[in-house]
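Chain A is the first sequence line, chain B the second, and so forth, proteins listed ahead of strands; every chain is numbered from 1. Since the structure is predicted, the reported quantities are computational estimates derived from the model, not experimental observations.
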Amino acid sequence: MNGFPLLTFLTFIPVVGMVIILMLPKEKTSFIKYTTLAATGIQVVLSAAMMINYNYGAGGVFEQASFQFIEKFRWIEIAGLSWLGTVKIDYFMGVDGISAPMVLLTSIVAFIATISSWNISHSLKGYFALFLLLDTGMMGVFVSLDFFLFYVFWELMLLPMYFLIGIWGGPRKEYAAIKFFIYTLFGSVFMLLVMIGLYFSAVETLADGSQVFTFNMLALMDSANYTADGILSPFNPANLRFIAYIALFVGFAIKIPMFPFHTWLPDAHVEAPTPISVILAGVLLKMGTYGILRISYPMFPEITRDLMWYIALFGMINIIYGALCAMAQRDFKKLIAYSSISHMGYVMLGMASLSTTGINGAILQMFNHGTITSMLFLLVGVIYDRAHTRGLNDFGGLATQMPVYTGFVTVAFFAAIGLPGLSGWVSEALVFVGSFGVELIRVLAMISTLGILLGAGYMLWTLQRVYLGKLNEKWKELTDLDGREYAMLVPLTIIIITLGIYPSLALDIMNTSVNTLVDLITTSAPKFLLSGM
Amino acid sequence: MEVGLSHYLVVSTALFALGIYGVVTRKNAVMVLMGIELILNAANINFVAFSRYGNFGLEGQVMALFVIVLAAAEAAIALAIVLNIYKTFHHVNIDEIEDLKE
Amino acid sequence: MDQLTLISLSIAILFLPLLGFIVVILFGKRFEKLYMFEVGVITLTFLLSALLLVVKLTSYIDDKIQYAFTWIDFGNVPLIGSMQIDLGINIDNVTAIMLVVVNLISMLVHIFSIAYMKGDKRYNRYFAYLGIFTFSMLGIVITHNLLMMYIFWELVGLSSYLLIGFWYEKKSASDAAKKAFIVNRIGDIGFFLGILILFTHYKTFTFDTIFAQIAAGNLPFDSTGWLTAAGILIFMGAVGKSAQFPLHVWLPDAMEGPTPVSALIHAATMVAAGVYLVARIFVMLTADAMLVIAVVGGFTSFIAATIALTQNDIKKVLAYSTVSQLGYMVMSLGVGAYAFAFFHLVTHAFFKACLFLGSGSVIHAMHHEQDISEMGGLRKKLPITYYTFLISTLAISGVPLTSGFLSKDGILAGTWAFGSLTGHWLIPIFGFVVALMTAFYMFRLVILTFHGSPRNREKYDHTHESPFVMVMPLVVLSVLSIFIWYSPLPHDSEAGWFLSDWVRTPATVVPAEASFDFMISDNAANANHHITHSAKYTDAMHRIHYPAMILSEIMAGLGILLAFAMYQWRKIDPDKIADKFRGLYRFSLYKWYIDELYDEVFIKPTLTLSSANAWFDNKIIDGVVNGSAKITVFLSAISGWIDKYIVDGFVNFTALLSGFIGIIFRKLQTGKVQTYIVLVVFSVLILIFIISPF
């Protein structure tokens, strides 16, 4: 595998697919579909190849040498622009234990979302082209190690998402698409400001000994690289790092989405077509928490330590608030959207603990939520395709009519509830182990356990209303799952059960990196401690 | 009485004034053209007169020849335009030809 | 047989029922007879566990056989060092006995169900569910650490959910299933927090490691308070699963499930898991925690017994009697009578399973009639069911020569000793009063069901004794309710092998200052005694053994006599008493209004809160978002207005002005060459006059 630009292929294979699709005439619908399937399939194969060649002992996080599959070369170079100096931006990609699970998740979810897109009915060409562009954007975010590149991919993903919701969505699609777009863009602006602030605060020493401002994330994590008077430099007594942290956090929090920035999510989910909901819940939400782990934590460890209580507090609010809102919903998709908010709260709670167990739990929860919620949205899609309604009170007794389908529903629901033996529980348990272990946020962790109860409440209530009870005569014609639906549900079920029984399969990937990250934040960042002044 | 420069100039001035009068007062395009011819000829008389009485060599005469040729060409083109106008409007009254105004 | 073989044997015992579940759930649709595979698997599991018990008791009676593997390895954790989570199994005598009890009852219930569930449209799936339940229960029994205990604990919750809601077409069944799961979850949260306290401090979930650390004086966060908290929180799990007050409300509703399920899960095994859990952590319970446990157990047994007095549904009576008996066991653990609690768990499992299956037989015979006011006189129609039912009733009432007598007697003696040593007399009072009520309501049940004349002649005529596969388990279970299996002497359980050799009370590891003084081990008394560890407690138990026995027999006798007087001989009219104590009667009949109370206090406010929350989210939070969008739109409208009328207005004004000027000057612009020429001529003339030198 040496020298093979795996990550570039992984990221840009969808673009190749997109170009092919754009060249095809739009009547060739099945060719377009299979091209998309092939592109995402190759992605799955490549990410599997990545995992096969993955070195479990390498930490990554801040050290270039222990990143894997690195690709780094000069991308943009503008010499001598008066006070700007020389602008040098790298094309810098690599994976470590924090990004590898996300890469894997992205490829799996994209593949399954492609299968689920099979019955998209109009403007296929545009849909699949945008879909693949979105795929590239997502993958790029997770493999970029240069802030500039990260930002480019981050924004790249917005555009196709806007159109995918806005054109192929439900009745209020325009409203939802615009809300999504503007909300996310609002966050990105903060991120852009902080990015530029960081750029002018740190220098990287190049091979020829010259020093240039840098977007290199790894360089930004080392306090030694900061200039004495940079606006975001810890050595500058009048630095704005605290404000920058908050701004950056808001940028990421919108994506998570964190209370009170979450209201775009239910609307987007309700209006988006099923595959896009899957992508949205399965991958896009993870970008917020991933960004915090990848950027906020290592670049601002001292502020992270100061603010951990608040992060945990918002995690707790997310958990309980999301669960309570979910309980009151009458639309199936909205319910799952709010349950997503609740589940992402666990991620935040785990991250806030700054402990190995908590952060491991958080990343695993990101992965698990990606698979479980994807499955839930697919399952809603299945009945929506058949019944054309999502009202929770419109159904009843589907278990009798569609027993196999209900079997999958039961697995997914109980995984979401956090039943041991299924993957969701492991990550939730680790989150609680981690957060309970930290005295500062122990009380918050204890209150958050109420979320487990509320989760069981709304999920079982839904299960009862939709699937149990007497069969509503209206739905006597509904058929059970077909082959295509098996193809998307079975892999997810296998992942959910396997990770529930033996979570080390996933935990081993991330563990070394998490330990490195925890070490970086809590102990070995003495230079950042100075700025606590 | 010796015929001098002033006489020539008086004749050319009269001619010029007549030409201007014709151009300004006539409504018929052909008449206007004839006025223009008068003006040009007034100018020609001036050229020749100054050439004869001034220290200018033959340039005056040459210029007059140019003007005559130009006048011929101009008359040809202008009459062609007038013919076309007549074909289009069935008259050559310049007061009523204002289609290009707006 | 070496230890390794025993370990593989126990692993086989654990996973065989899971195999049964997987096979039947996946292929049950295709093969109609596949349920027999599940029955076969469970029979094999039972035989293996019997073999395991025999080998364990003959070759390794004092050994703890353990096997563990690393489930999650966190590597070198900053500030802590290497950290990993181990899962594993632990086989001691208690485990081995529990394995046999669970598998035996499970097997009998499987066999019983073959006939009972005949004709159900989800027949195979029912057996699959029984398989996963057995798997989960065995997991709880066999584990050597708290985490795995919790995992299987929740899985038991799941299988219970599936089985209670097995007839999910009925709203009441799916309601009951949901209620059971959620109420259990409340207890589980406490359980989980308790585990977290221990893990946070000890970085391990393994029982023995934790206990060794406590014994070495390393307390959680260096305080006995936290140890007490951990004990009580873990006990909360038991409160949920063993249906103790205040979380007992789910168990009576759980009777919506098929009756054999009630026998297996909601009487004999799953609900005993809570007691088993408390027994597992018994050694780390502090005095405060034990007192809480004893009071909760005592109060539960009292409250449930009072409710059972007036119920008319045969299964409801049995359900409340289960709650009451579980309260007994929990109370027994609370007073330190560990061995008797476990003993009662085993004997209760058999006679309660027998009672439930017996009620199943009755219900089956009566074509799903459960109301005892519709029964009566069934003795003649269902003779085998009647006699097995009667034996079990005698056992639960604690009549001599039964297993129940032996275990109940021990518990009552324990509470009395506890009362005399600590002054907490309320607990033995609960114990003895409940003994009276138990005898009363159980015999009320027997008399109303089997004795007298039939109250519903039509139904009575259609009843007939159940088939062999249903009667056989009843006989086996009622035989197991005889004293001889546990002790050669009908009056002295301590003489028996069960208590003298097999089950030993482990010595407490709690520091002396946080424990009851009579729980602290002193070697003199400990030499050949396994019930308690201190001379003080042993003496107290021995001193009151006979008085307690006599008193409990008086109580049981009184109860039985009263039942006969009221329902058999009709000397006392029960309706008159009910009328006289109308308030009390209704209070009991409506289960102390606890369900209604919870509905008002917890469920409705939660739903209201969630609606309020959703409203808040929709109107306020989203309102702010949409509001800010609206404000932006409004501002842009203003700026648009400004742009249009002021900025653009200025531009337009300029244009307008020039236009105005244009209008004036266009008069000159006739478009006629002649006018221009006139103007030119005049202008030239004027110019000539102005600049002319003359």
Side-chain angles (χ1 to χ4, degrees), chain A residues 179 182-183 259-260 262-264 267 321 323-329 338 355-357 360 397 399-400 403 407 414 419-421 425-426 429-430 432-433 436-437 445-446 449-450 452-454 456-458 460-461 463-464 467-471 502-504 507-508 511-512 515 518-519 522-523, chain C residues 25 29 70-80 83 85 122 125 147 150-155 157-158 161-162 165 168-171 173-175 177-178 181-182 185-186 188-189 192-193 195-197 199-200 221 606-607 609-618 621-622 624-626 629:
Chain A
K179 198 171 179 184
I182 291 181
Y183 225 134
F259 174 90
H262 63 276
T263 50
W264 63 268
D267 284 319
Y321 185 87
L324 282 173
C325 282
M327 200 174 276
Q329 299 308 319
Y338 276 107
S355 66
T356 297
T357 37
N360 260 322
T400 317
F414 276 96
L419 185 83
W425 174 74
V426 181
L430 287 179
F432 281 119
V433 167
F436 190 86
M446 286 166 79
T449 52
L450 272 182
I452 304 180
L453 184 66
L454 294 171
Y458 65 77
L460 292 185
W461 194 22
L463 196 63
Q464 183 187 23
Y467 300 99
L468 308 183
K470 274 213 173 55
L471 178 66
Y502 197 63
S504 289
L507 285 171
D508 285 347
N511 193 46
T512 317
N515 277 337
V518 171
D519 196 46
T522 55
T523 58
Chain C
I25 201 84
K29 269 227 146 114
T70 303
W71 190 50
I72 297 176
D73 189 351
F74 289 110
N76 189 18
V77 178
L79 301 175
I80 291 167
M83 181 160 85
I85 295 177
R122 290 186 291 272
R125 208 196 291 179
L147 189 71
Y150 184 81
I151 292 174
F152 284 101
W153 193 262
E154 291 273 312
L155 285 179
L158 167 74
Y161 173 84
L162 294 174
Y168 57 76
E169 285 92 346
K170 274 197 295 183
K171 174 97 168 48
S174 62
D175 274 344
K178 185 177 69 182
F181 196 88
I182 291 173
R185 267 263 153 133
I186 298 171
D188 294 352
I189 288 175
F192 190 57
L193 288 174
I195 296 177
L196 286 182
I197 291 176
F199 183 80
T200 301
F221 310 117
T606 307
L607 288 179
L609 183 66
S610 89
S611 314
N613 218 326
W615 178 87
F616 176 77
D617 195 64
N618 205 359
I621 303 273
D622 209 27
V624 169
V625 174
N626 285 336

>> Quick one, A/Tyr502 with C/Ile72, criterion side chain to side chain contact (heavy atoms under 4.5 Å, CB included). Give me CA distance, side-chain angles, the key distance, then yes/no.
In response: CA-CA 8 Å; A/Tyr502 197 63; C/Ile72 297 176; over 6 Å; no

> Would C/Trp71 and A/Val426 satisfy side chain to side chain contact (heavy atoms under 4.5 Å, CB included), going step by step from the backbone distance to the final call?
Replying inline: CA-CA 11 Å; C/Trp71 190 50; A/Val426 181; 4.1 Å; yes

> Taking it one step at a time, do C/Phe199 and A/Phe432 satisfy side chain to side chain contact (heavy atoms under 4.5 Å, CB included)?
Replying inline: CA-CA 11 Å; C/Phe199 183 80; A/Phe432 281 119; over 6 Å; no

> For C/Asp622 and A/His262, what are the C-alpha separation, side-chain angles and deciding distance, and is it a side chain to side chain contact (heavy atoms under 4.5 Å, CB included)?
Replying inline: CA-CA 9 Å; C/Asp622 209 27; A/His262 63 276; over 6 Å; no

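Under the side-chain hydrogen bond (donor to acceptor under 3.5 Å, both in side chains) criterion, A/Gln464 pairs with C/Ser174, C/Asp175, C/Lys178, not counting sequence neighbours. Applying the side-chain contact (heavy atoms from CB on, under 4.5 Å) rule to A/Asp508 yields the partners A/Tyr56, A/Ser504; only residues at least two apart in sequence or on another chain are considered.
Looking at A/Ile182, neither its backbone nor its side chain comes within 4.5 Å of chain C, counting heavy atoms on both sides. Heavy atoms of C/Val77 lying under 4.5 Å from chain A belong to its backbone as well as its side chain. For a residue to count as touching a neighbouring chain, one of its non-hydrogen atoms must lie under 4.5 Å from one of that chain's; by this rule C/Asn76 touches chain A with the backbone only. When heavy atoms are compared at a cutoff of 4.5 Å, A/Leu471 does not approach chain C at all. For A/Ala445, no part lies near chain C; criterion is any non-hydrogen pair under 4.5 Å. Neither the backbone nor the side chain of A/Ser355 comes within less than 4.5 Å of any heavy atom of chain C. Only the side chain of C/Leu607 comes within contact range of chain A, with heavy atoms under 4.5 Å apart.
Listed for the C/Arg185 side chain is a donor-acceptor partner under 3.5 Å among the backbone atoms of A/Ile452. Without hydrogens or angle criteria, A/Asn515 side chain to C/Phe74 main chain gives a donor-acceptor distance under 3.5 Å.
In this pair, A/Trp425 and C/Tyr150 present their aromatic rings parallel. The plane angle is below 30°, not in the 30 to 60° band. The aromatic rings of C/Phe616 and A/Phe259 lie parallel to each other, with less than 30° between the two planes, well short of the 60° mark.
Contact count against chain A (heavy-atom pairs under 4.5 Å) is highest for C/Leu196 among C/Ile151, C/Leu155, C/Ile85, C/Leu196. Highest contact tally toward chain C, considering only A/Gly469, A/Ala328, A/Gly437, is held by A/Gly469 [criterion: heavy-atom pairs under 4.5 Å]. Chain A forms more heavy-atom pairs under 4.5 Å with one residue of C/Ser611, C/Gly157, C/Pro78, C/Ala614 than with any other, namely C/Pro78. Comparing A/Gly407, A/Gly397, A/Ala399, A/Pro403 by heavy-atom pairs within less than 4.5 Å of chain C, the highest count is held by A/Ala399. Note on C/Val624, C/Ile197, C/Leu609: by heavy-atom pairs under 4.5 Å with chain A, the leading option is C/Ile197.
Taking the six-membered ring where the residue is Trp, the centroids of C/Phe192 and A/Phe436 are separated by 6.0 Å or more. For C/Tyr168 and A/Tyr467, the ring centers are positioned 6.0 Å apart or more.
Annotation: the span from A/Leu324 atom CG to C/Thr606 atom OG1 amounts to 8.0 Å, rounded to 0.5 Å. A distance of 7.0 Å separates CH2 of A/Trp461 from OG of C/Ser610, quoted to the nearest 0.5 Å. Between the OH atom in A/Tyr458 and the CD1 atom in C/Ile182 there is a gap of 11.5 Å [rounded to 0.5 Å]. Separation of atoms OH (C/Tyr161) and CG (A/Leu419) is listed at 11.5 Å; rounding is to 0.5 Å. Taking NZ from C/Lys171 and CG from A/Leu468, the interatomic distance works out to 10.0 Å, rounded to the nearest 0.5 Å. Distance check: A/Cys325 SG to C/Asn618 CG gives 9.0 Å after rounding to the nearest 0.5 Å.
Closest approach of C/Ile189 to A/Thr449, counting heavy atoms only: CD1-O, 3.2 Å. In terms of heavy atoms, C/Ile186 sits closest to A/Leu453 at CG1-CD1, 3.5 Å.
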